[in-house]
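Reviewing the structure listed below.
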Amino acid sequence: MLIALGVIVALIVGVVLWWKFRDPLRGEDFYKFHVERRWAWELVLTEEQERAFMTGLEAYDDESTVFPHREAGALHVYHPSMMVSLFLLTEQFAAMGPGALADPAGAVRELIGRAGEAEIAGVLHLDDDWIEEPVDGMDKYDFTREMGMATHAQGVDGGVGGYGDEDSGYGMLTVLTEVPEHVRRMYDDAHSHAAPSEIRNRLDVYKAVIEEPEPEFVAGLERADAEQSRFTNTLMYDYGRVLAEYQQIRPQLPHAQPVDVMSAALARMLAEQRPGITWTRPPSQQQHERALRLISTRG
């Protein structure tokens, strides 16, 4: 009975998370470069500056596709293929002063071009052809799945977000060392508007799945997520260089599961600050240590 109830609860939670993190481009009212004034990197800019910055991103997108991972604070640039910190871009955009407001398209083009020239902190160059043939029986989809497990160690709190792109060859891990008390209260307040219904049978599960969440619940979650983003940091890593490290370490761990070899490879890259891994903003010592624990502690 307890197992069955647990499965039902997990199903409901999974659907809620799917609703929350579903592809925003499919949303009816979603606009790719709208101004939210919500996430921490957006607040680096004034409202006028953010409108100009988004105008510049949209102009660049017309020439070469980009996608903002808003909550993580990262921009995926397709050509040239790379990940760029939105904190870095907004700080540089603000530093350009009135010139950026007068020509936002030119300003953003210059900033992205600058990022493409050198891999500095907050910039991660990618190789779309990062895997040419299966490794240990894994294709790019298997590798991405295993990387997701390799960056969320059992029994370690603090991994509040993750993402993997098998085609462009990058992954992200968002860490939070401690949830501030006022953020906890914001989440508690949001959940108080969730209007939970009693789950007695499978029909109740179906009803819970198809019903739209309460607007107050959604708005409360969005406010809490935005406030929490002030305290998170996101680690970005390049699959191609993780794979190269994996292949170097593999002979030393011939009997280990692939996910454990990946953990060892990525942990060494982070601990030794090797190329192929960077943060969206300079990490605190606590954030660095939490990421290491999430990556290198297994089972």
Side-chain angles (χ1 to χ4, degrees), residues 33 36 38-45 49-50 52-54 56-57 60-61 64-97 100 104 107-128 130 147 151 159-165 168-177 228-242 266-267 269-292 294-295:
F33 300 107
E36 288 184 300
R38 182 178 170 195
W39 305 111
W41 60 268
E42 292 177 300
L43 303 181
V44 171
L45 304 172
Q49 287 173 328
E50 189 184 354
F53 179 69
M54 290 302 184
L57 277 185
Y60 192 91
D61 186 65
S64 176
T65 306
V66 297
F67 182 81
H69 293 276
R70 290 174 178 264
E71 188 167 358
L75 181 73
H76 181 195
V77 181
Y78 286 76
H79 303 289
S81 186
M82 60 182 173
M83 294 295 294
V84 186
S85 163
L86 282 165
F87 289 95
L88 176 66
L89 288 176
T90 51
E91 288 165 3
Q92 292 178 336
F93 189 87
M96 286 180 159
V108 169
R109 189 183 305 111
E110 178 183 337
L111 293 178
I112 293 180
R114 193 186 304 171
E117 292 172 359
E119 196 176 60
I120 61 173
V123 177
L124 188 67
H125 293 174
L126 305 172
D127 180 3
D128 293 343
W130 62 277
M147 282 302 307
T151 52
V160 296
Y163 181 83
D165 187 316
S168 295
Y170 69 91
M172 297 188 294
L173 169 64
T174 299
V175 300
L176 176 66
T177 55
Q228 181 171 273
S229 76
R230 294 174 51 203
F231 305 94
T232 61
N233 203 348
T234 297
L235 184 70
M236 304 182 290
Y237 49 95
D238 169 31
Y239 280 179
R241 280 170 283 189
V242 175
L266 191 58
M269 290 171 66
L270 178 58
E272 299 179 4
Q273 299 182 11
R274 296 190 179 195
I277 194 165
T278 191
W279 294 82
T280 52
R281 47 182 162 173
S284 66
Q285 184 64 32
Q286 292 82 3
Q287 289 170 338
H288 177 85
E289 291 173 356
R290 185 61 55 89
L292 265 179
L294 283 161
I295 292 167

Just jot down the side chain to side chain donor-acceptor pair (under 3.5 Å) partners of Thr174, sequence neighbours excluded, or say none. Thr234
Work out which heavy atom in Ala291 is nearest to a heavy atom in Trp279; give both atom names and the distance. CB-CH2, 3.7 Å
With sequence neighbours left out, the residues meeting side-chain contact (heavy atoms from CB on, under 4.5 Å) with Glu272 are Arg268, Arg274
CG of Leu292 to CG of Leu270, rounded to nearest 0.5 Å, is 4.5 Å
Out of curiosity, Arg230 CZ to Leu176 CG, how far, rounded to the nearest 0.5 Å? 12.5 Å
Sequence-distant partners of His76, ring pair (Phe, Tyr, Trp, His ring centres under 6.0 Å), two or more places apart: Tyr78, Tyr170
Partner residues of Asp127 under the side chain to side chain donor-acceptor pair (under 3.5 Å) criterion, sequence neighbours left out: none
Which residues pass the side-chain contact (heavy atoms from CB on, under 4.5 Å) test with Pro68, not counting sequence neighbours? Lys32, Phe33, Arg70, Leu75, Leu86
Non-neighbouring partners of Leu43 that pass side-chain contact (heavy atoms from CB on, under 4.5 Å), sequence neighbours left out: Arg37
How many angstroms lie between atom CE of Met236 and atom OH of Tyr163, to the nearest 0.5 angstrom? 14.0 Å
side-chain contact (heavy atoms from CB on, under 4.5 Å) against Ala100, all qualifying residues, sequence neighbours excluded: Phe93, Met96, Ala107
Please collect all salt bridge (Lys or Arg N to Asp or Glu O under 4.0 Å) contacts where either partner lies in residues 73-94, sequence neighbours excluded, each pair once. none
Going through the distances and angles, do Trp39 and Val44 end up as a side chain to side chain contact (heavy atoms under 4.5 Å, CB included)? CA-CA 9 Å; Trp39 305 111; Val44 171; over 6 Å; no
Can you tell me if Ser229 uses its side chain to pair, donor with acceptor, with the backbone of Ala40 under 3.5 Å? yes
Note: Asp128 and Ser81 closest approach over all heavy atoms is OD1-OG, 2.8 Å
Please report the shortest heavy-atom distance between Leu45 and Ala94, naming the atom on each side. CD2-CB, 3.8 Å
Would you sort out whether Ile277 and Asp238 count as a side chain to side chain contact (heavy atoms under 4.5 Å, CB included), showing the intermediate values? CA-CA 6 Å; Ile277 194 165; Asp238 169 31; over 6 Å; no
Looking at Pro283, is its backbone amide N or carbonyl O close enough to the side chain of Gln287 to form a donor-acceptor pair, meaning the two atoms are under 3.5 Å apart? no
CG/Leu266 to CD1/Ile295 distance, rounded to the nearest 0.5 angstrom? 4.0 Å
Find the distance between CG (Leu89) and CH2 (Trp41) and round it off to the nearest 0.5 Å. 9.5 Å
State, with a plain yes or no, whether a side-chain heavy atom of Thr177 is found less than 4.5 Å away from one of Phe231. no
Does the Thr90 side chain pair with the main chain of Phe87, one donor and one acceptor, at a distance under 3.5 Å? yes
Set of residues satisfying side chain to side chain donor-acceptor pair (under 3.5 Å) with respect to Ser85, sequence neighbours excluded: none
Using a 4.5 Å cut-off on heavy atoms from C-beta on, say whether the side chain of Met54 contacts that of Glu42. yes
N/O donor to acceptor pairs below 3.5 angstrom from side-chain atoms of residues 108-120, sequence neighbours left out:
from	atom 1	to	atom 2	distance (Å)
Arg109	NH2	Glu63	OE2	3.2
Glu110	OE2	Arg114	NH2	3.0
Glu119	OE1	Arg241	NH1	2.9
Glu119	OE2	His125	N	2.7
Glu119	OE2	Arg241	NH1	3.4
Glu119	OE2	Arg241	NH2	2.7

As a quick check of understanding, evaluate side chain to side chain contact (heavy atoms under 4.5 Å, CB included) for Val175 and Leu294, giving each step before the final call. CA-CA 9 Å; Val175 300; Leu294 283 161; 3.7 Å; yes
Pick one: which of Met172, Met147, Met269 meets side-chain contact (heavy atoms from CB on, under 4.5 Å) with Tyr237? Met147
Heavy-atom pair of closest approach, residues Tyr60 and Pro80: OH-CD, 3.8 Å
Minimum heavy-atom separation for Asp61 to Val66, with atom names? OD1-N, 2.9 Å
Partners passing side chain to side chain donor-acceptor pair (under 3.5 Å) against Gln92 (at least two apart in sequence or in another chain): none
First locate atom OG of Ser168, then atom CZ of Phe67, and finally report the distance between them rounded to the nearest 0.5 Å. 12.0 Å
Taking salt bridge (Lys or Arg N to Asp or Glu O under 4.0 Å) as the cut-off, I'd like each qualifying pair that reaches into residues 281-292, sequence neighbours left out, listed once. none
